[in-house]
Amino acid sequence: QVQLVESGGGLVQAGGSLRLSCAASGRTFRLYAMGWFRQAPGKEREFVAGINFSGGRTYYADSVKGRFTISRDNAKNTVSLQMNSLKPEDTAVYYCAQGTGDYGHYKYDYWGQGTQVTVSS
């Protein structure tokens with residue numbers, strides 16, 4: 001059974017940084033794409049960043065380009081999201097996801113429980 005467990009969320013002031021991590025188990029991690037999504041109160045879940053199985057290709061939402069960096073460690077079965085220059089509009093529950101696909105076209109079939117990120121102004 002696939003399990004994705006996020007950590008690293010919290011409260012930070014605008015302009016600050018946070019690093020989210022997601023530990024995966026249940027299937028061969030290095031074969032699957034990973035992604036981060038977020039959902040703010042009253043809004044739909046939105047894509048934040050994605051990374052292919054090898055880590056060689058990454059994709060970002062326009063709203064986070066240049067500020068967020070996704071990375072993965074296939075030896076440790078983890079994916080991370082480094083978030084810099086945080087803004088109040090980045091406040092949301094952040095979800096880790098695992099799926100198939102490449103070249104920006106992914107289908108995510110497993111999701112974590114989420115971790116809260118709150119950015120104060």
Side-chain angles (χ1 to χ4, degrees):
Q1 183 175 353
V2 174
Q3 284 193 317
L4 304 173
V5 179
E6 302 97 336
S7 61
L11 173 64
V12 64
Q13 287 189 332
S17 299
L18 278 177
R19 185 177 180 86
L20 305 183
S21 293
C22 173
S25 61
R27 58 184 182 180
T28 307
F29 181 77
R30 59 182 171 80
L31 298 181
Y32 295 93
M34 299 296 296
W36 287 95
F37 289 72
R38 67 186 181 187
Q39 187 167 20
K43 295 187 177 181
E44 294 187 353
R45 188 176 298 187
E46 65 174 357
F47 170 79
V48 174
I51 188 166
N52 78 329
F53 68 99
S54 69
R57 282 179 285 277
T58 58
Y59 303 90
Y60 298 93
D62 288 343
S63 59
V64 307
K65 277 182 183 175
R67 300 189 297 123
F68 291 11
T69 302
I70 188 172
S71 61
R72 66 188 295 160
D73 186 335
N74 284 348
K76 295 182 178 180
N77 292 357
T78 58
V79 62
S80 298
L81 185 69
Q82 177 66 42
M83 305 186 294
N84 298 329
S85 302
L86 283 161
K87 306 175 180 179
E89 51 263 44
D90 293 319
T91 295
V93 177
Y94 283 71
Y95 297 90
C96 172
Q98 186 179 73
T100 56
D102 205 338
Y103 298 98
H105 300 283
Y106 300 112
K107 179 181 179 182
Y108 295 99
D109 50 3
Y110 287 96
W111 299 82
Q113 294 298 305
T115 185
Q116 176 70 47
V117 171
T118 303
V119 184
S120 63
S121 58

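These numbers come from a predicted model, not from an experiment.
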Taking the six-membered ring for Trp, are Tyr94 and Phe68 parallel (under 30°), tilted (30 to 60°) or perpendicular (over 60°)? tilted

[X] and [Y]: which non-hydrogen atoms are nearest, and at how many Å?
X: Leu4; Y: Ala24; answer: CD2-CB, 3.5 Å
X: Ser21; Y: Ser80; answer: OG-OG, 3.6 Å
X: Val79; Y: Met34; answer: CG1-CE, 3.7 Å
X: Ser71; Y: Arg19; answer: OG-NH2, 3.8 Å
X: Glu6; Y: Tyr95; answer: OE2-CA, 3.4 Å

Residue pairs passing the disulfide (SG to SG under 2.5 Å) test where at least one lies in residues 42-121, sequence neighbours excluded: Cys22-Cys96

Phe29 meets the ring-ring contact (aromatic ring centres under 6.0 Å, His included) criterion, sequence neighbours left out, with none

Listed partners of Phe37 passing ring-ring contact (aromatic ring centres under 6.0 Å, His included), at least two apart: Phe47, Tyr108, Trp111

What residues, two or more places apart in sequence or in another chain, satisfy salt bridge (Lys or Arg N to Asp or Glu O under 4.0 Å) together with [X]?
X: Glu89; answer: none
X: Arg67; answer: Asp90
X: Asp102; answer: Arg57

I'd like to check the side-chain hydrogen bond (donor to acceptor under 3.5 Å, both in side chains) partners of [X]; sequence neighbours left out, ordered by chain and number.
X: Arg27; value: Gln98, Asp109
X: Ser17; value: Asn84
X: Glu46; value: Arg38
X: Gln116; value: Thr118

Would you call Thr100 and Tyr32 a side-chain contact if the rule is heavy atoms closer than 4.5 Å? yes

If the condition is side chain to side chain contact (heavy atoms under 4.5 Å, CB included), which residues does Ser121 pass it with, not counting sequence neighbours?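 Here the qualifying residues are Pro88.
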
What residues, two or more places apart in sequence or in another chain, satisfy side chain to side chain contact (heavy atoms under 4.5 Å, CB included) together with Lys65?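 Partners of Lys65 under the side chain to side chain contact (heavy atoms under 4.5 Å, CB included) test: Tyr60, Asp62.
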
With rounding to the nearest 0.5 angstrom, report the CG to CE distance, Leu18 to Met83. 4.5 Å

Return the OG1 to CZ distance between Thr28 and Phe53, rounded to the nearest 0.5 Å.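 Output value for this atom pair is 13.5 Å.
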
